[in-house]
Amino acid sequence: MIDNKYNPSEIEEKWYKEWENNKIFSPSNEGNAYCIMIPPPNVTGTLHMGHAFQVTLMDVLCRYHRMLGDNTLWQAGTDHAGIATQMVVERKLTAQGISRTDLGREKFIDQVWDWKSQSGDIITKQLRRMGASLDWESERFTLDEGLSVAVNKVFIDLYEEGLIYKGKRLVNWDPVLQTALSDLEVISSEENGKIWEIKYYLDDESGNFLEIATTRPETILGDTAVAVNPDDDRFIKYIGKNVVVPVTGKIVPVISDDYVDMEFGTGCLKITPGHDFNDYELAKKHNLEIINIFDTSARVKCDTKEYNNLDRFAARKKILLELENSDQLLKISDHKMIIPRGDRSHSIIEPLMTDQWYVKIKPLAEEAIKCVKEKEIKFVPENWEKTYFEWMNNIQDWCISRQLWWGHRIPAWYDEEKNIYVGKNEKSVREKYDIKDDVLLTQDEDVLDTWFSSSLWPFSTLGWPNETERVKTFYPTSVLITGFDIIFFWVARMIMMGKKFVGEVPFKEIYVHGLVKDSSGNKMSKSKGNIIDPIDLIDGIGLEELINKRASDLMQPEMAEKIKKNTKKDYPGGIGAYGTDALRFTFASLASNGRDINFDLKRVEGYRNFCNKLWNAARFVKMQGQISIDQADTNNFQDEDIWIRNKLAILIEDTKNNYKNYRFDYAARSLYSFIWQDYCSWYIEIKKSKLNKKNITSLEKNLIIHNLREILKNILLLLHPIMPFITEEIYSDLFNEKEFLQDNKYPDSSKFSTSSDAENVNWMIEVVSAIRKTRSEIGVQPNKKIEIIVTGENDKDKLFFKNLSSLIMTLANIKNIRFGEDDQSNKFYSCVSNNLKLLIPSSDLIDVKSEIERLTKEKSKYTNQTIGIESRLSNSNFIKNAPGHIVVADEQKLKELKIQISKIEEQIKNFSN
RNA sequence: AGGCGCGUAGCUCAGUUGGUUAGAGCGCUACCUUGACAUGGUAGAGGUCGUUGGUUCGAUCCCAAUCGCGCCUACCA
């Protein structure tokens with residue numbers, strides 16, 4: 001006997017091990033290819049709600065496609081996350097008092113690999129807890145040898161084609177991490193700043209000056225011009241003259257450019273080309289000198305002793321003081337401005353002139369735009385195309401070098417004259433360029449942006465550049481499941497690289513899912529303290545531990561109290577252990593086409609209850625015992641069998657369509673209502689009533705059990721992709737201990753649909769519902785058996801009653817059904833179902849007044865509907881313009897309503913007499 | 001500034017080419033511990049679909065305007 005409560009923790013880990021040991025997640029090598037690439041998570045990261053959500057959807061699709069008989073590959077793997085990982089390891093070393101540079105490159109990288117091997121499988125373990133059916137056999141890591149070969153080849157090929165170049169340019173420099181960043185790794189947000197207005201004297205001893213406005217006075221040290229708008233009457237006379245830069249005393253020209261906004265600030269702008277992207281563009285245009293005033297840590301680097309080596313913020317203070325002393329500081333005002341920060345270090349980005357490697361992106365982007373325009377790749381939902389085009393049309397060259405140690409080292413060598421040689425390795429470079437052994441070659445110190453290797457993920461994981469079977473079979477992959485936040489970082493770049501190097505798009509569809517937020521719509525973040533760990537929803541967590549998890553290691557420790565308070569309020573009893581299946585079903589049911597997903601714990605609880613419902617339905621079926629049945633009898637169906645089989649056929653088709661359209665929410669909902677309403681509330685109840693009949697034959701009994709089991713088995717098959725654990729457990733317990741659910745084919749609707757429509761079962765459901773409703777309205781306790789009298793029945797009703805009255809009696813808790821005329825006495829309550837009038841006798845004196853009220857209320861409900869339909873039907877334009885079937889349906893409905901109203905009126909009349 | 005999106009029941013969300021009485025879960029109310037399940041059963045209350053116009057026989061859906069909110073992109077010193 002199975003437990004009467006569903007307990008997920010007992011079954012989940014057991015089944016995952018079984019599946020993995022039996023290698024059932026590897027491609028079958030039979031059938032149509034179906035392939036999804038996991039967006040490789042950061043190897044040193046942990047699973048968050050976004051991952052859990054995404055993984056659920058991918059897993060549903062993969063499990064579903066395996067059951068369809070497809071040759072399914074869900075590619076597993078992680079990425080090396082250059083900056084993030086290096087940061088973590090450096091921080092650990094710092095805690096031990098060791099610096100990266102003390103250790104040296106090789107030893108440091110050894111440390112990172114050590115760290116990777118001890119922390120790297122945290123996330124893969126968590127993926128297993130989610131039930132993810134990834135093909136672990138072919139797990140890849142972006143720094144694997146094979147993937148590195150791909151990275152090198154792509155770099156070399158692009159270089160030789162002129163699509164990768166090295167250039168000295170202004171880049172986004174992270175002074176803390178000491179590396180360049182791409183545009184996408186810079187997060188700009190509004191912060192409070194100031195504008196300082198400063199006197200710049202002309203160098204003609206006239207005492208005249210220009211007032212310039214700046215938000216960064218420290219960059220005065222790098223000024224090489226002052227700019228005004230050519231149409232600005234105030235300054236026209238100064239154009240072409242020179243001014244003296246404060247502090248440095250440098251003489252610089254006043255130039256004119258219509259880039260300068262006359263309305264903003266003082267209308268007069270200082271130009272620091274070495275540390276501002278706009279100024280840099282102006283400098284190129286006007287041939288201005290470009291001075292670099294900062295070192296890589298953003299400390300001042302200049303000849304003036306008192307400023308040299310000063311941090312940029314200290315330099316600002318000092319300069320402002322000096323300006324004040326010389327009476328050149330005119331005005332200070334508060335100003336909201338956009339501050340760029342590194343997405344990892346959160347330090348303020350300093351534009352810095354450095355040598356970096358770039359990908360010339362326009363030619364690649366053009367191809368990538370084309371294949372989306374021509375629908376080689378389809379976005380779901382479609383409007384994400386717009387975001388994609390928007391970015392692709394304004395794309396800038398991609399800075400791919402990073403001044404890190406952890407990553408793919410750039411395959412470029414330099415001789416002593418700094419000539420560049422690009423090739424696989426030093427040996428091949430020497431051969432290729434015919435360089436003698438006595439010429440010293442040194443490799444570029446830098447590594448590539450992690451996203452460079454990620455952009456090759458869809459084919460490098462399959463063995464490319466080798467022409468492997470896997471590439472041939474699984475590329476292009478079927479669909480990419482991803483969040484919109486990495487459309488630019490990753491999706492667009494994969495398309496460019498895939499098109500360029502394999503010649504085909506990397507995936508045919510891109511399903512873009514929403515962001516998982518908390519139940520009130522806030523982004524989940526450590527600093528807000530509203531993070532939920534998916535594993536805690538599976539295993540449960542106590543309040544103390546949850547608070548501990550949320551309020552420790554905060555960037556702003558002062559938030560701890562508030563987080564503690566809110567957590568106590570939101571989860572007074574901690575979080576219950578809902579199990580993976582309930583969590584997965586929740587994610588599926590939330591996966592609609594909307595943009596954000598507000599995650600409400602209550603939903604998980606509801607679906608945990610759903611698991612319990614299924615569990616108990618299975619328990620009931622199991623309790624009916626084993627059966628042996630003659631094959632010849634298995635197609636012997638009762639009315640309710642036909643009824644439920646028709647519904648099952650519809651469910652199967654709906655589910656397939658919903659998966660095809662990525663409407664996981666619809667799929668989840670229709671499964672839920674079929675299982676709970678149709679199967680549990682009606683079908684099992686009907687069968688139960690039949691099983692309880694005294695004179696049941698063993699053949700009848702066996703047939704009932706057989707049919708109950710058959711529907712249940714199909715429920716398990718249909719539900720398996722979303723809830724793999726509970727379905728597997730029930731299947732093994734009730735049906736087959738030897739094989740897995742996945743070994744079965746997904747159900748075929750044609751096996752269940754019939755031409756007969758089971759009208760009588762629907763009729764019965766209406767009658768039972770009507771009686772239940774009235775019972776409840778007149779306050780009859782659910783456990784009290786009552787008698788009903790049927791009047792107004794036609795031939796069809798008679799026939800249905802003949803076959804179904806015993807069912808009605810059980811389901812509506814009736815002790816006796818009498819057929820007869822309404823004797824017009826007041827001792828009856830009545831209800832109407834279809835064209836029937838059902839009377840419920842009362843032994844007590846009926847409160848005539850309240851009964852008339854009840855009936856009148858019911859009548860007015862119907863009357864209101866009648867009025868609506870009648871007004872439509874009396875409108876000649878409606879008759880003329882509306883499609884025929886709408887008009888016919890209205891007419892039919894009106895007829896039915898009128899019958900029902902007349903029955904109620906009759907009863908009201910009886911009471912009134 | 002530009003782009004995208006959202007506003008439907010107390011809460012979290014559906015609503016598929018415009019068409020009967022706008023749905024689900026949770027919560028709420030009443031009654032029920034009947035042997036699959038109280039993580040349950042039966043029934044119920046609750047919505048002028050942000051606002052205002054327009055198109056239409058008919059609008060939650062299409063169009064325009066407006067209010068509120070969110071996200072992304074962007075060089076205003």
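A, B, ... follow the sequence lines: proteins, then strands. Residue 1 opens every chain. When reading the values below, keep in mind they use all heavy atoms of this one structure, side chains included, and skip hydrogens, waters and symmetry mates.
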Using a cut-off of 4.0 Å on non-hydrogen atoms, how would the nucleic acid contact of [X] be classed: base, sugar-phosphate, or nothing?
{"X": "A:Lys687", "result": "nothing"}
{"X": "A:Trp676", "result": "sugar-phosphate"}
{"X": "A:Lys194", "result": "nothing"}
{"X": "A:Cys611", "result": "nothing"}
{"X": "A:Arg603", "result": "base"}
{"X": "A:Asn609", "result": "base"}
{"X": "A:Lys893", "result": "base"}
{"X": "A:Ala889", "result": "nothing"}
{"X": "A:Glu197", "result": "nothing"}
{"X": "A:Asn598", "result": "sugar-phosphate"}

[atom1] atoms of [N] and [M], separation to the nearest Å:
{"N": "B:rG3", "M": "B:rA64", "atom1": "P", "result": "14 Å"}
{"N": "B:rG40", "M": "B:rG35", "atom1": "C1'", "result": "14 Å"}
{"N": "B:rG58", "M": "B:rG19", "atom1": "C1'", "result": "7 Å"}
{"N": "B:rU51", "M": "B:rC57", "atom1": "P", "result": "25 Å"}
{"N": "B:rG2", "M": "B:rU8", "atom1": "C1'", "result": "30 Å"}
{"N": "B:rC4", "M": "B:rG47", "atom1": "C1'", "result": "29 Å"}
{"N": "B:rG27", "M": "B:rC69", "atom1": "P", "result": "32 Å"}
{"N": "B:rA22", "M": "B:rC75", "atom1": "C1'", "result": "49 Å"}

For the rings on A:Tyr388 and A:Phe488, is their centre-to-centre separation under 6.0 Å?
no
Taking the six-membered ring for Trp and the full ring for Phe, Tyr or His, determine whether the centres of A:Tyr6 and A:Trp615 are under 6.0 Å apart.
yes
If we ignore hydrogens and angles and just use 3.5 Å, is the side chain of [X] paired with the main-chain N or O of [Y] as donor and acceptor?
{"X": "A:His335", "Y": "A:Ile195", "result": "no"}
{"X": "A:Thr266", "Y": "A:Glu211", "result": "yes"}
{"X": "A:Arg603", "Y": "A:Leu590", "result": "no"}

Among A:Thr655, A:Asp654, A:Ile650, A:Leu651, whose side chain to side chain contact (heavy atoms under 4.5 Å, CB included) with A:Phe674 holds?
A:Leu651
Residue that, paired with A:Asn394, satisfies side chain to side chain contact (heavy atoms under 4.5 Å, CB included) out of A:Met392, A:Gln396, A:Glu390:
A:Glu390
Does [N] have OP1 or OP2 sitting under 4.0 Å from an N or O in the side chain of [X]?
{"X": "A:Arg663", "N": "B:rG15", "answer": "yes"}
{"X": "A:Ser592", "N": "B:rA14", "answer": "yes"}
{"X": "A:Asn616", "N": "B:rG40", "answer": "no"}
{"X": "A:Tyr666", "N": "B:rG15", "answer": "yes"}
{"X": "A:Gln781", "N": "B:rC32", "answer": "yes"}
{"X": "A:Lys613", "N": "B:rG41", "answer": "yes"}
{"X": "A:Asn612", "N": "B:rU39", "answer": "no"}

Mind calculating the distance between [atom1] ([X]) and [atom2] ([N]) to the nearest angstrom?
{"X": "A:Ile867", "N": "B:rU21", "atom1": "CD1", "atom2": "C1'", "result": "13 Å"}
{"X": "A:Glu390", "N": "B:rG5", "atom1": "CD", "atom2": "C1'", "result": "14 Å"}
{"X": "A:Ile705", "N": "B:rA36", "atom1": "CD1", "atom2": "P", "result": "13 Å"}
{"X": "A:Tyr388", "N": "B:rG5", "atom1": "OH", "atom2": "C1'", "result": "21 Å"}
{"X": "A:Ile726", "N": "B:rA36", "atom1": "CD1", "atom2": "C1'", "result": "13 Å"}

Strictly by modelled atom types, are A:Thr272 and A:Lys270 linked by a side-chain donor-acceptor pair under 3.5 Å?
yes
Looking only at N and O atoms, is any donor in the side chain of A:Arg772 or the base of B:rU42 less than 3.5 Å from an acceptor on the other one?
no
Tell whether A:Lys688 reaches the base of B:rA36 with its side chain through a donor-acceptor pair below 3.5 angstrom.
yes
From the list [options], which nucleotide is the closest neighbour of the side chain of [X]?
{"X": "A:Ala882", "options": "B:rU39, B:rC57, B:rA36", "result": "B:rC57"}
{"X": "A:Lys773", "options": "B:rA43, B:rC11, B:rC4", "result": "B:rA43"}
{"X": "A:Ile886", "options": "B:rA36, B:rG44, B:rG19", "result": "B:rG19"}
{"X": "A:Asn881", "options": "B:rG35, B:rC57, B:rU20", "result": "B:rC57"}

Closest-nucleotide 5' rank along RNA chain B - winner of A:Pro883 and A:Phe488
A:Pro883
Which is more 5' along RNA chain B, the nucleotide nearest A:Trp615 or the one nearest A:Lys602? Just name the residue.
A:Lys602
Describe, in one word, how the ring planes of A:Phe53 and A:Phe587 are oriented to each other, choosing from parallel (under 30°), tilted (30 to 60°) and perpendicular (over 60°).
tilted
Residues that A:Tyr659 engages under ring-ring contact (aromatic ring centres under 6.0 Å, His included), provided they are two or more places apart
A:Tyr64
Taking only Lys NZ, Arg NE, NH1 and NH2, and the carboxylate oxygens of Asp or Glu, determine whether A:Asp596 and A:Lys523 approach each other closer than 4.0 Å.
no
Please tabulate, one pair per line, each protein N/O and nucleotide N/O from nucleotides 74-77 of chain B that are separated by under 3.5 Å, including the distance.
unit_1 : atom_1 : unit_2   : atom_2 : d
B:rC75 : O4'    : A:Asn278 : OD1    : 3.2
B:rC75 : O4'    : A:Asn278 : ND2    : 3.4
B:rC75 : O2'    : A:Asn278 : ND2    : 2.7
B:rC75 : N1     : A:Asn278 : OD1    : 3.1
B:rC75 : O2     : A:Asn278 : OD1    : 3.3
B:rC76 : O2     : A:Asp261 : OD2    : 3.1
B:rC76 : N3     : A:Asp261 : OD2    : 3.0
B:rA77 : OP2    : A:His335 : NE2    : 3.3
B:rA77 : O3'    : A:Thr215 : OG1    : 3.3
B:rA77 : O2'    : A:Ala213 : O      : 2.8
B:rA77 : N6     : A:Asp261 : O      : 2.4
B:rA77 : N6     : A:Phe264 : O      : 3.1
B:rA77 : N1     : A:Asp261 : N      : 3.1

Set out, in order, the CA-CA distance, both residues' side-chain angles and the distance that settles salt bridge (Lys or Arg N to Asp or Glu O under 4.0 Å) for A:Lys5 and A:Asp3, then state yes or no.
CA-CA 5 Å; A:Lys5 280 192 173 52; A:Asp3 200 345; over 6 Å; no
Stems involving RNA chain B: give each as a range paired with a range, ordered by first number, where a stem means at least three consecutive Watson-Crick or G-U wobble pairs under 3.5 Å.
B:1-7 with B:67-73, B:10-13 with B:23-26, B:28-32 with B:40-44, B:50-54 with B:62-66
Less than 6.0 angstrom from the centroid, inside 45 degrees of the normal: does A:Arg663 satisfy that with respect to the ring of A:Tyr666?
yes
